[in-house]
Protein chains: 2
Amino acid sequence: MNTLPEMSSTEENYLKALFHLTVDQGETETGTNRLAAHLGVSPASANAMLKKLKEKNLVDYERYGKLQLSETGRGSALILLRKHRLWETFLYRHLGFGWDEIHEVAEQLEHIRSPKLIEQLDWFMGRPRTDPHGDAIPDAEGEYHPAPKRTLDDLDMGKKCRIASVRDSSVAFLQYLTELGLGLRSEIEVLERRSFDRSLVLGIDDRRVPVSERFAQNVFIVESGLD
Amino acid sequence: MNTLPEMSSTEENYLKALFHLTVDQGETETGTNRLAAHLGVSPASANAMLKKLKEKNLVDYERYGKLQLSETGRGSALILLRKHRLWETFLYRHLGFGWDEIHEVAEQLEHIRSPKLIEQLDWFMGRPRTDPHGDAIPDAEGEYHPAPKRTLDDLDMGKKCRIASVRDSSVAFLQYLTELGLGLRSEIEVLERRSFDRSLVLGIDDRRVPVSERFAQNVFIVESGLD
DNA sequence: TGCGTTTGTTAGATTAATCAAACATTTTAT
DNA sequence: ATAAAATGTTTGATTAATCTAACAAACGCA
(Lines give C-alpha, C1' and ligand atoms only; values in the text may rest on other atoms or scores of the structure.)
Protein backbone atom coordinates (compact mmCIF):
# COMPACT_ATOMS: atom_id res chain seq x y z
CA MET A 1 0.00 0.00 0.00
CA ASN A 2 1.82 3.15 -1.07
CA THR A 3 0.51 6.33 0.54
CA LEU A 4 -0.58 9.00 -1.88
CA PRO A 5 1.42 12.21 -1.70
CA GLU A 6 -0.05 15.34 -0.16
CA MET A 7 -0.98 17.68 -2.96
CA SER A 8 -2.27 21.22 -3.27
CA SER A 9 -5.32 21.89 -5.45
CA THR A 10 -3.00 23.58 -7.90
CA GLU A 11 -0.79 20.54 -8.20
CA GLU A 12 -3.89 18.41 -8.67
CA ASN A 13 -5.00 20.61 -11.54
CA TYR A 14 -1.67 20.15 -13.29
CA LEU A 15 -1.96 16.37 -12.98
CA LYS A 16 -5.48 16.44 -14.40
CA ALA A 17 -4.34 18.56 -17.32
CA LEU A 18 -1.47 16.18 -18.05
CA PHE A 19 -3.89 13.28 -17.95
CA HIS A 20 -6.21 14.92 -20.47
CA LEU A 21 -3.36 15.82 -22.77
CA THR A 22 -1.85 12.32 -22.78
CA VAL A 23 -3.75 9.23 -21.58
CA ASP A 24 -7.10 10.74 -22.52
CA GLN A 25 -6.04 11.68 -26.04
CA GLY A 26 -4.14 8.50 -26.70
CA GLU A 27 -0.87 10.44 -26.75
CA THR A 28 2.23 9.13 -25.00
CA GLU A 29 3.68 12.50 -24.02
CA THR A 30 3.10 16.25 -24.23
CA GLY A 31 4.93 19.57 -23.79
CA THR A 32 5.31 22.50 -21.43
CA ASN A 33 3.59 24.96 -23.76
CA ARG A 34 0.58 22.77 -24.42
CA LEU A 35 0.22 22.14 -20.71
CA ALA A 36 0.44 25.86 -19.98
CA ALA A 37 -2.11 26.70 -22.68
CA HIS A 38 -4.52 24.05 -21.42
CA LEU A 39 -4.40 25.51 -17.92
CA GLY A 40 -4.36 29.14 -19.00
CA VAL A 41 -1.04 29.89 -17.28
CA SER A 42 2.31 31.03 -18.66
CA PRO A 43 4.89 28.48 -19.83
CA ALA A 44 7.13 29.78 -17.06
CA SER A 45 4.60 28.78 -14.42
CA ALA A 46 4.10 25.36 -15.94
CA ASN A 47 7.85 24.85 -16.06
CA ALA A 48 8.21 25.75 -12.38
CA MET A 49 5.42 23.37 -11.42
CA LEU A 50 6.87 20.55 -13.49
CA LYS A 51 10.09 20.74 -11.53
CA LYS A 52 8.15 20.40 -8.32
CA LEU A 53 6.04 17.51 -9.62
CA LYS A 54 9.21 15.78 -10.75
CA GLU A 55 10.64 16.10 -7.23
CA LYS A 56 7.53 14.36 -5.94
CA ASN A 57 7.87 11.65 -8.58
CA LEU A 58 4.49 12.49 -10.08
CA VAL A 59 5.84 13.15 -13.58
CA ASP A 60 8.59 11.74 -15.77
CA TYR A 61 10.30 14.78 -17.12
CA GLU A 62 13.70 16.08 -18.09
CA ARG A 63 15.00 19.42 -19.32
CA TYR A 64 14.05 19.98 -22.97
CA GLY A 65 13.01 16.34 -22.98
CA LYS A 66 9.95 14.15 -22.76
CA LEU A 67 7.09 14.85 -20.39
CA GLN A 68 4.45 12.46 -19.10
CA LEU A 69 2.74 11.32 -15.93
CA SER A 70 4.63 8.80 -13.81
CA GLU A 71 2.88 5.66 -12.60
CA THR A 72 2.05 7.41 -9.31
CA GLY A 73 0.95 10.54 -11.13
CA ARG A 74 -1.41 8.56 -13.32
CA GLY A 75 -2.88 6.92 -10.22
CA SER A 76 -3.51 10.29 -8.59
CA ALA A 77 -5.07 11.64 -11.77
CA LEU A 78 -7.44 8.67 -11.92
CA ILE A 79 -8.58 9.30 -8.36
CA LEU A 80 -9.27 12.91 -9.29
CA LEU A 81 -11.20 11.83 -12.37
CA ARG A 82 -13.20 9.46 -10.20
CA LYS A 83 -14.01 12.18 -7.72
CA HIS A 84 -14.95 14.64 -10.48
CA ARG A 85 -17.31 12.25 -12.19
CA LEU A 86 -18.92 10.97 -9.02
CA TRP A 87 -19.72 14.54 -7.99
CA GLU A 88 -21.07 15.32 -11.47
CA THR A 89 -23.33 12.29 -11.19
CA PHE A 90 -24.53 13.36 -7.77
CA LEU A 91 -25.31 16.90 -8.90
CA TYR A 92 -27.19 15.66 -11.94
CA ARG A 93 -29.11 12.82 -10.38
CA HIS A 94 -29.97 14.20 -6.98
CA LEU A 95 -29.68 17.97 -7.02
CA GLY A 96 -31.38 18.75 -10.34
CA PHE A 97 -28.37 20.26 -12.10
CA GLY A 98 -28.26 20.18 -15.93
CA TRP A 99 -25.35 18.51 -17.73
CA ASP A 100 -24.14 21.94 -18.76
CA GLU A 101 -23.86 23.07 -15.12
CA ILE A 102 -22.19 20.16 -13.36
CA HIS A 103 -18.62 20.51 -14.58
CA GLU A 104 -17.89 23.86 -12.97
CA VAL A 105 -19.05 22.84 -9.50
CA ALA A 106 -17.39 19.42 -9.73
CA GLU A 107 -14.11 21.22 -10.47
CA GLN A 108 -14.31 22.55 -6.93
CA LEU A 109 -15.73 19.47 -5.24
CA GLU A 110 -13.09 17.14 -6.66
CA HIS A 111 -10.45 18.75 -4.43
CA ILE A 112 -12.19 17.84 -1.16
CA ARG A 113 -9.92 15.50 0.79
CA SER A 114 -11.81 12.64 2.40
CA PRO A 115 -11.55 9.06 1.19
CA LYS A 116 -14.63 8.13 3.21
CA LEU A 117 -16.66 10.88 1.53
CA ILE A 118 -15.97 9.49 -1.93
CA GLU A 119 -16.53 5.89 -0.91
CA GLN A 120 -19.86 6.79 0.71
CA LEU A 121 -20.97 8.97 -2.19
CA ASP A 122 -20.25 6.08 -4.54
CA TRP A 123 -22.26 3.74 -2.28
CA PHE A 124 -25.12 6.26 -1.93
CA MET A 125 -25.57 6.38 -5.71
CA GLY A 126 -25.33 2.62 -6.18
CA ARG A 127 -21.80 2.63 -7.60
CA PRO A 128 -22.52 4.26 -10.96
CA ARG A 129 -20.25 3.25 -13.84
CA THR A 130 -20.73 6.31 -16.03
CA ASP A 131 -21.34 10.00 -15.41
CA PRO A 132 -24.12 12.13 -16.94
CA HIS A 133 -21.93 12.86 -19.98
CA GLY A 134 -21.69 9.12 -20.67
CA ASP A 135 -18.04 8.96 -19.55
CA ALA A 136 -16.73 6.01 -17.53
CA ILE A 137 -16.03 6.51 -13.80
CA PRO A 138 -12.76 4.91 -12.63
CA ASP A 139 -13.37 2.49 -9.75
CA ALA A 140 -11.81 2.67 -6.29
CA GLU A 141 -8.88 0.51 -7.42
CA GLY A 142 -8.10 2.85 -10.31
CA GLU A 143 -9.51 0.59 -13.02
CA TYR A 144 -10.65 2.73 -15.88
CA HIS A 145 -12.18 1.51 -19.14
CA PRO A 146 -13.21 4.50 -21.21
CA ALA A 147 -16.16 3.64 -23.42
CA PRO A 148 -16.41 5.16 -26.90
CA LYS A 149 -18.68 8.18 -26.80
CA ARG A 150 -21.96 7.85 -28.69
CA THR A 151 -23.48 10.62 -30.80
CA LEU A 152 -27.02 11.19 -32.03
CA ASP A 153 -25.68 10.09 -35.40
CA ASP A 154 -25.16 6.49 -34.32
CA LEU A 155 -28.37 5.95 -32.38
CA ASP A 156 -30.54 3.18 -33.85
CA MET A 157 -33.94 4.16 -35.20
CA GLY A 158 -36.72 3.73 -32.68
CA LYS A 159 -34.36 3.90 -29.66
CA LYS A 160 -34.68 6.82 -27.26
CA CYS A 161 -31.95 8.92 -25.66
CA ARG A 162 -31.08 12.11 -23.82
CA ILE A 163 -28.42 14.67 -24.61
CA ALA A 164 -25.32 14.07 -22.48
CA SER A 165 -23.02 16.79 -23.81
CA VAL A 166 -21.91 18.46 -27.02
CA ARG A 167 -18.66 18.39 -28.99
CA ASP A 168 -18.80 22.12 -29.79
CA SER A 169 -19.96 23.79 -26.59
CA SER A 170 -20.05 27.33 -27.99
CA VAL A 171 -22.83 29.57 -26.79
CA ALA A 172 -24.09 29.71 -30.40
CA PHE A 173 -24.60 25.96 -30.57
CA LEU A 174 -26.23 25.76 -27.16
CA GLN A 175 -28.63 28.52 -28.21
CA TYR A 176 -29.41 26.62 -31.39
CA LEU A 177 -30.31 23.58 -29.27
CA THR A 178 -32.67 25.70 -27.23
CA GLU A 179 -34.30 27.14 -30.35
CA LEU A 180 -34.97 23.63 -31.63
CA GLY A 181 -36.69 22.88 -28.33
CA LEU A 182 -34.05 20.33 -27.35
CA GLY A 183 -34.26 20.55 -23.57
CA LEU A 184 -31.38 19.16 -21.53
CA ARG A 185 -33.52 16.39 -20.11
CA SER A 186 -36.05 15.77 -22.89
CA GLU A 187 -36.29 12.36 -24.51
CA ILE A 188 -35.19 12.23 -28.12
CA GLU A 189 -35.97 9.55 -30.71
CA VAL A 190 -34.72 9.06 -34.26
CA LEU A 191 -37.82 8.89 -36.46
CA GLU A 192 -36.29 8.96 -39.93
CA ARG A 193 -32.85 8.87 -41.51
CA ARG A 194 -32.51 9.98 -45.14
CA SER A 195 -29.85 7.92 -46.86
CA PHE A 196 -28.95 10.51 -49.51
CA ASP A 197 -27.45 13.06 -47.06
CA ARG A 198 -27.73 11.11 -43.78
CA SER A 199 -29.86 13.87 -42.29
CA LEU A 200 -32.27 12.90 -39.50
CA VAL A 201 -35.74 13.66 -38.28
CA LEU A 202 -35.92 13.63 -34.49
CA GLY A 203 -38.99 13.14 -32.36
CA ILE A 204 -39.22 15.33 -29.25
CA ASP A 205 -42.44 15.62 -27.26
CA ASP A 206 -44.54 14.67 -30.33
CA ARG A 207 -42.80 17.29 -32.48
CA ARG A 208 -40.76 16.41 -35.57
CA VAL A 209 -37.38 18.18 -35.79
CA PRO A 210 -35.14 17.76 -38.87
CA VAL A 211 -31.39 18.07 -38.33
CA SER A 212 -28.27 17.61 -40.48
CA GLU A 213 -25.70 14.83 -40.18
CA ARG A 214 -23.16 17.42 -39.06
CA PHE A 215 -25.51 18.45 -36.26
CA ALA A 216 -26.11 14.87 -35.15
CA GLN A 217 -22.39 14.16 -34.95
CA ASN A 218 -21.96 17.09 -32.63
CA VAL A 219 -24.38 15.83 -29.98
CA PHE A 220 -23.27 13.21 -27.46
CA ILE A 221 -26.04 11.07 -26.00
CA VAL A 222 -26.83 8.45 -23.40
CA GLU A 223 -29.39 5.86 -24.42
CA SER A 224 -32.50 5.72 -22.24
CA GLY A 225 -32.94 2.68 -20.04
CA LEU A 226 -29.22 2.13 -19.50
CA ASP A 227 -27.23 3.51 -16.62
CA MET B 1 -29.61 43.27 -3.42
CA ASN B 2 -26.02 43.84 -2.36
CA THR B 3 -23.53 41.52 -3.99
CA LEU B 4 -21.39 39.55 -1.60
CA PRO B 5 -17.66 40.25 -1.83
CA GLU B 6 -15.31 37.69 -3.40
CA MET B 7 -13.43 36.00 -0.62
CA SER B 8 -10.59 33.52 -0.29
CA SER B 9 -11.08 30.45 1.91
CA THR B 10 -8.63 32.00 4.33
CA GLU B 11 -10.63 35.20 4.62
CA GLU B 12 -13.75 33.09 5.14
CA ASN B 13 -12.08 31.26 8.01
CA TYR B 14 -11.26 34.54 9.73
CA LEU B 15 -14.88 35.67 9.44
CA LYS B 16 -16.11 32.40 10.89
CA ALA B 17 -13.67 32.68 13.78
CA LEU B 18 -14.82 36.23 14.49
CA PHE B 19 -18.42 35.06 14.46
CA HIS B 20 -17.72 32.32 16.98
CA LEU B 21 -15.81 34.67 19.25
CA THR B 22 -18.50 37.36 19.26
CA VAL B 23 -22.09 36.71 18.11
CA ASP B 24 -21.91 33.05 19.07
CA GLN B 25 -20.57 33.71 22.59
CA GLY B 26 -22.85 36.66 23.26
CA GLU B 27 -19.84 38.98 23.22
CA THR B 28 -19.94 42.34 21.45
CA GLU B 29 -16.28 42.44 20.45
CA THR B 30 -12.99 40.53 20.64
CA GLY B 31 -9.26 41.00 20.15
CA THR B 32 -6.42 40.24 17.76
CA ASN B 33 -4.75 37.74 20.09
CA ARG B 34 -7.88 35.77 20.82
CA LEU B 35 -8.64 35.63 17.09
CA ALA B 36 -5.11 34.44 16.33
CA ALA B 37 -5.23 31.79 19.07
CA HIS B 38 -8.60 30.53 17.85
CA LEU B 39 -7.23 30.08 14.33
CA GLY B 40 -3.83 28.79 15.40
CA VAL B 41 -1.93 31.58 13.63
CA SER B 42 0.38 34.28 14.98
CA PRO B 43 -1.04 37.62 16.14
CA ALA B 44 0.97 39.22 13.34
CA SER B 45 -0.91 37.20 10.72
CA ALA B 46 -4.26 38.01 12.27
CA ASN B 47 -3.36 41.67 12.34
CA ALA B 48 -2.43 41.67 8.66
CA MET B 49 -5.67 39.94 7.73
CA LEU B 50 -7.75 42.34 9.82
CA LYS B 51 -6.39 45.25 7.82
CA LYS B 52 -7.47 43.54 4.65
CA LEU B 53 -10.92 42.66 5.96
CA LYS B 54 -11.34 46.25 7.08
CA GLU B 55 -10.56 47.45 3.54
CA LYS B 56 -13.33 45.18 2.30
CA ASN B 57 -15.71 46.49 4.96
CA LEU B 58 -16.14 43.07 6.51
CA VAL B 59 -15.01 44.11 9.98
CA ASP B 60 -15.29 47.21 12.15
CA TYR B 61 -11.82 47.71 13.47
CA GLU B 62 -9.33 50.37 14.38
CA ARG B 63 -5.75 50.34 15.54
CA TYR B 64 -5.53 49.31 19.18
CA GLY B 65 -9.31 49.70 19.24
CA LYS B 66 -12.47 47.66 19.09
CA LEU B 67 -12.90 44.72 16.76
CA GLN B 68 -16.11 43.12 15.52
CA LEU B 69 -17.82 41.93 12.37
CA SER B 70 -19.49 44.58 10.24
CA GLU B 71 -23.07 44.12 9.08
CA THR B 72 -21.79 42.67 5.79
CA GLY B 73 -19.26 40.50 7.59
CA ARG B 74 -21.96 39.07 9.85
CA GLY B 75 -24.05 38.27 6.75
CA SER B 76 -21.16 36.43 5.11
CA ALA B 77 -20.43 34.52 8.31
CA LEU B 78 -24.07 33.41 8.51
CA ILE B 79 -23.95 32.09 4.95
CA LEU B 80 -20.83 30.12 5.87
CA LEU B 81 -22.51 28.76 8.98
CA ARG B 82 -25.50 27.76 6.86
CA LYS B 83 -23.28 25.97 4.35
CA HIS B 84 -21.32 24.23 7.09
CA ARG B 85 -24.39 22.93 8.88
CA LEU B 86 -26.21 21.87 5.73
CA TRP B 87 -23.19 19.81 4.68
CA GLU B 88 -22.93 18.31 8.16
CA THR B 89 -26.57 17.31 7.94
CA PHE B 90 -26.06 15.76 4.53
CA LEU B 91 -23.03 13.75 5.63
CA TYR B 92 -24.85 12.49 8.72
CA ARG B 93 -28.22 11.74 7.21
CA HIS B 94 -27.30 10.40 3.79
CA LEU B 95 -23.67 9.28 3.81
CA GLY B 96 -23.53 7.45 7.12
CA PHE B 97 -21.00 9.71 8.86
CA GLY B 98 -21.01 9.87 12.67
CA TRP B 99 -21.49 13.22 14.44
CA ASP B 100 -17.83 13.09 15.44
CA GLU B 101 -16.70 12.90 11.79
CA ILE B 102 -18.82 15.49 10.03
CA HIS B 103 -17.15 18.69 11.20
CA GLU B 104 -13.79 18.12 9.56
CA VAL B 105 -15.20 17.38 6.12
CA ALA B 106 -17.78 20.18 6.36
CA GLU B 107 -14.89 22.57 7.04
CA GLN B 108 -13.75 21.87 3.50
CA LEU B 109 -17.16 21.68 1.83
CA GLU B 110 -18.34 25.00 3.26
CA HIS B 111 -15.89 26.83 0.98
CA ILE B 112 -17.42 25.52 -2.26
CA ARG B 113 -18.78 28.47 -4.23
CA SER B 114 -22.17 27.76 -5.79
CA PRO B 115 -25.38 29.34 -4.55
CA LYS B 116 -27.40 26.82 -6.53
CA LEU B 117 -25.59 23.92 -4.86
CA ILE B 118 -26.58 25.10 -1.39
CA GLU B 119 -30.15 25.90 -2.38
CA GLN B 120 -30.56 22.45 -3.95
CA LEU B 121 -28.91 20.66 -1.06
CA ASP B 122 -31.31 22.41 1.31
CA TRP B 123 -34.25 21.37 -0.89
CA PHE B 124 -32.97 17.79 -1.24
CA MET B 125 -32.96 17.36 2.55
CA GLY B 126 -36.36 18.98 3.05
CA ARG B 127 -35.02 22.26 4.42
CA PRO B 128 -33.74 21.03 7.78
CA ARG B 129 -33.80 23.54 10.63
CA THR B 130 -31.11 21.98 12.78
CA ASP B 131 -27.92 20.04 12.14
CA PRO B 132 -26.92 16.69 13.70
CA HIS B 133 -25.41 18.50 16.70
CA GLY B 134 -28.79 20.11 17.41
CA ASP B 135 -27.62 23.55 16.26
CA ALA B 136 -29.91 25.82 14.24
CA ILE B 137 -29.24 26.24 10.51
CA PRO B 138 -29.52 29.88 9.31
CA ASP B 139 -32.05 30.17 6.47
CA ALA B 140 -31.35 31.51 2.99
CA GLU B 141 -32.23 35.04 4.09
CA GLY B 142 -29.75 34.93 6.94
CA GLU B 143 -32.33 34.48 9.68
CA TYR B 144 -30.74 32.65 12.57
CA HIS B 145 -32.39 31.72 15.82
CA PRO B 146 -29.95 29.69 17.88
CA ALA B 147 -31.80 27.29 20.15
CA PRO B 148 -30.42 26.54 23.62
CA LYS B 149 -28.45 23.31 23.53
CA ARG B 150 -29.91 20.42 25.47
CA THR B 151 -27.87 18.01 27.56
CA LEU B 152 -28.64 14.54 28.84
CA ASP B 153 -29.09 16.22 32.20
CA ASP B 154 -32.25 18.04 31.17
CA LEU B 155 -33.99 15.24 29.29
CA ASP B 156 -37.35 14.27 30.83
CA MET B 157 -37.66 10.75 32.20
CA GLY B 158 -39.13 8.31 29.73
CA LYS B 159 -38.16 10.43 26.67
CA LYS B 160 -35.63 9.03 24.22
CA CYS B 161 -32.69 10.76 22.56
CA ARG B 162 -29.45 10.35 20.68
CA ILE B 163 -26.06 11.87 21.39
CA ALA B 164 -25.50 14.95 19.21
CA SER B 165 -22.10 16.10 20.46
CA VAL B 166 -20.09 16.54 23.63
CA ARG B 167 -18.89 19.58 25.56
CA ASP B 168 -15.48 18.08 26.27
CA SER B 169 -14.42 16.34 23.07
CA SER B 170 -11.15 14.96 24.43
CA VAL B 171 -10.11 11.54 23.27
CA ALA B 172 -10.39 10.35 26.87
CA PHE B 173 -14.03 11.28 27.11
CA LEU B 174 -14.90 9.80 23.72
CA GLN B 175 -13.21 6.55 24.78
CA TYR B 176 -15.21 6.58 27.99
CA LEU B 177 -18.40 6.85 25.94
CA THR B 178 -17.36 3.85 23.89
CA GLU B 179 -16.55 1.83 27.02
CA LEU B 180 -20.02 2.53 28.37
CA GLY B 181 -21.43 1.18 25.11
CA LEU B 182 -22.84 4.57 24.13
CA GLY B 183 -22.80 4.27 20.34
CA LEU B 184 -23.06 7.44 18.31
CA ARG B 185 -26.43 6.48 16.93
CA SER B 186 -27.90 4.38 19.76
CA GLU B 187 -31.14 5.44 21.44
CA ILE B 188 -30.79 6.50 25.02
CA GLU B 189 -33.49 6.83 27.66
CA VAL B 190 -33.42 8.20 31.19
CA LEU B 191 -34.69 5.40 33.44
CA GLU B 192 -33.99 6.86 36.89
CA ARG B 193 -32.76 10.08 38.44
CA ARG B 194 -31.53 10.03 42.04
CA SER B 195 -32.41 13.26 43.78
CA PHE B 196 -29.59 13.17 46.34
CA ASP B 197 -26.74 13.57 43.80
CA ARG B 198 -28.74 14.01 40.59
CA SER B 199 -26.98 11.01 39.05
CA LEU B 200 -28.86 9.11 36.33
CA VAL B 201 -29.45 5.60 35.15
CA LEU B 202 -29.63 5.40 31.38
CA GLY B 203 -31.27 2.71 29.31
CA ILE B 204 -29.38 1.66 26.18
CA ASP B 205 -30.35 -1.47 24.23
CA ASP B 206 -31.95 -3.02 27.34
CA ARG B 207 -28.84 -2.36 29.43
CA ARG B 208 -28.82 -0.11 32.50
CA VAL B 209 -25.91 2.35 32.64
CA PRO B 210 -25.42 4.63 35.67
CA VAL B 211 -23.73 7.99 35.07
CA SER B 212 -22.96 11.06 37.18
CA GLU B 213 -24.60 14.48 36.88
CA ARG B 214 -21.28 15.85 35.67
CA PHE B 215 -21.24 13.28 32.91
CA ALA B 216 -24.81 14.04 31.83
CA GLN B 217 -24.09 17.76 31.62
CA ASN B 218 -21.25 17.05 29.25
CA VAL B 219 -23.39 15.24 26.66
CA PHE B 220 -25.46 17.23 24.17
CA ILE B 221 -28.50 15.42 22.77
CA VAL B 222 -31.28 15.65 20.22
CA GLU B 223 -34.62 14.25 21.34
CA SER B 224 -35.93 11.40 19.20
CA GLY B 225 -38.97 12.09 17.07
CA LEU B 226 -38.10 15.74 16.48
CA ASP B 227 -36.11 17.02 13.53
C1' DT C 1 0.53 58.11 39.26
C1' DG C 2 3.52 55.32 37.41
C1' DC C 3 5.44 50.74 36.26
C1' DG C 4 4.80 46.06 34.72
C1' DT C 5 1.93 42.93 32.19
C1' DT C 6 -1.03 42.12 28.59
C1' DT C 7 -2.35 43.16 24.19
C1' DG C 8 -1.59 44.85 19.62
C1' DT C 9 1.45 46.42 15.69
C1' DT C 10 5.37 46.79 12.58
C1' DA C 11 9.44 45.24 10.13
C1' DG C 12 11.64 41.94 7.50
C1' DA C 13 11.80 37.11 5.76
C1' DT C 14 9.72 32.89 3.74
C1' DT C 15 6.80 29.94 0.70
C1' DA C 16 3.64 28.80 -3.16
C1' DA C 17 1.99 30.31 -7.28
C1' DT C 18 1.99 33.45 -10.65
C1' DC C 19 3.86 36.77 -14.54
C1' DA C 20 6.80 39.14 -18.46
C1' DA C 21 10.92 39.35 -20.72
C1' DA C 22 15.26 37.58 -21.88
C1' DC C 23 17.66 33.64 -23.10
C1' DA C 24 18.64 28.64 -24.64
C1' DT C 25 17.68 24.51 -27.11
C1' DT C 26 15.47 21.72 -30.53
C1' DT C 27 12.94 21.15 -34.72
C1' DT C 28 11.74 22.24 -39.33
C1' DA C 29 12.35 23.62 -43.82
C1' DT C 30 14.74 25.27 -47.44
C1' DA D 1 23.76 22.48 -43.14
C1' DT D 2 22.04 26.24 -41.38
C1' DA D 3 18.81 29.88 -40.41
C1' DA D 4 14.19 30.76 -38.88
C1' DA D 5 10.47 29.13 -36.11
C1' DA D 6 8.82 26.70 -32.40
C1' DT D 7 9.45 25.16 -27.99
C1' DG D 8 11.36 25.27 -23.39
C1' DT D 9 13.96 27.59 -19.46
C1' DT D 10 15.76 31.13 -16.42
C1' DT D 11 15.65 35.47 -14.07
C1' DG D 12 13.66 38.75 -11.31
C1' DA D 13 9.15 40.68 -9.64
C1' DT D 14 4.53 40.33 -7.57
C1' DT D 15 0.76 38.70 -4.42
C1' DA D 16 -1.35 36.22 -0.50
C1' DA D 17 -0.51 34.14 3.59
C1' DT D 18 2.42 33.04 6.93
C1' DC D 19 6.36 33.50 10.60
C1' DT D 20 9.73 35.60 14.39
C1' DA D 21 11.47 39.28 16.78
C1' DA D 22 11.30 43.87 18.05
C1' DC D 23 8.54 47.63 19.28
C1' DA D 24 4.28 50.46 20.99
C1' DA D 25 -0.04 51.24 23.29
C1' DA D 26 -3.45 50.20 26.80
C1' DC D 27 -4.68 48.33 31.17
C1' DG D 28 -4.50 47.30 35.82
C1' DC D 29 -3.29 47.79 40.24
C1' DA D 30 -0.42 49.14 44.23
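In what follows, chains are A, B, ... by sequence order, proteins preceding strands, each numbered from 1.
- Applying the side-chain contact (heavy atoms from CB on, under 4.5 Å) test to B/P138 and every residue at least two apart in sequence or in another chain returns B/L78, B/L81, B/R82, B/Y144.
- DNA chain C is contacted by no residue of residues 22-31 of chain A, taking any non-hydrogen atom closer than 4.0 Å.
- Against DNA chain C, the stretch residues 104-112 of chain A makes no heavy-atom approach under 4.0 Å.
- For B/E71, the side chain to side chain donor-acceptor pair (under 3.5 Å) partners two or more places apart in sequence, or in a different chain, are B/R74.
- A/A44 is linked by a side-chain contact (heavy atoms from CB on, under 4.5 Å) to A/S42, counting only residues two or more places apart in sequence or in another chain.
- Applying the side chain to side chain donor-acceptor pair (under 3.5 Å) rule to B/E213 yields the partners B/R198, B/Q217; only residues at least two apart in sequence or on another chain are considered.
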Between protein and nucleic acid, restricted to nucleotides 19-25 of chain C and to nitrogen or oxygen atoms under 3.5 Å apart, what atom pairs and distances do you find?
| from | atom 1 | to | atom 2 | distance (Å) |
| --- | --- | --- | --- | --- |
| C/dC19 | OP2 | A/S42 | N | 2.8 |
| C/dC19 | OP2 | A/S42 | OG | 3.0 |
| C/dC19 | OP2 | A/S45 | OG | 2.5 |

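- For the ring pair (Phe, Tyr, Trp, His ring centres under 6.0 Å) condition, the pairs that include at least one residue of residues 98-123 of chain A, sequence neighbours left out, are A/H84-A/H103.
- In the region residues 8-20 of chain A, proximity to DNA chain C at under 4.0 angstrom, judged on heavy atoms, holds for A/S8, A/T10, A/Y14.
- Applying the ring pair (Phe, Tyr, Trp, His ring centres under 6.0 Å) definition to pairs two or more places apart or across chains, none involves residues 31-79 of chain A.
- Remark: A/Y92 pairs with no residue by the ring-ring contact (aromatic ring centres under 6.0 Å, His included) rule, at least two apart or across chains.
- Listed by first and then second residue, the salt bridge (Lys or Arg N to Asp or Glu O under 4.0 Å) pairs that reach into residues 23-48 of chain A come to none, sequence neighbours excluded.
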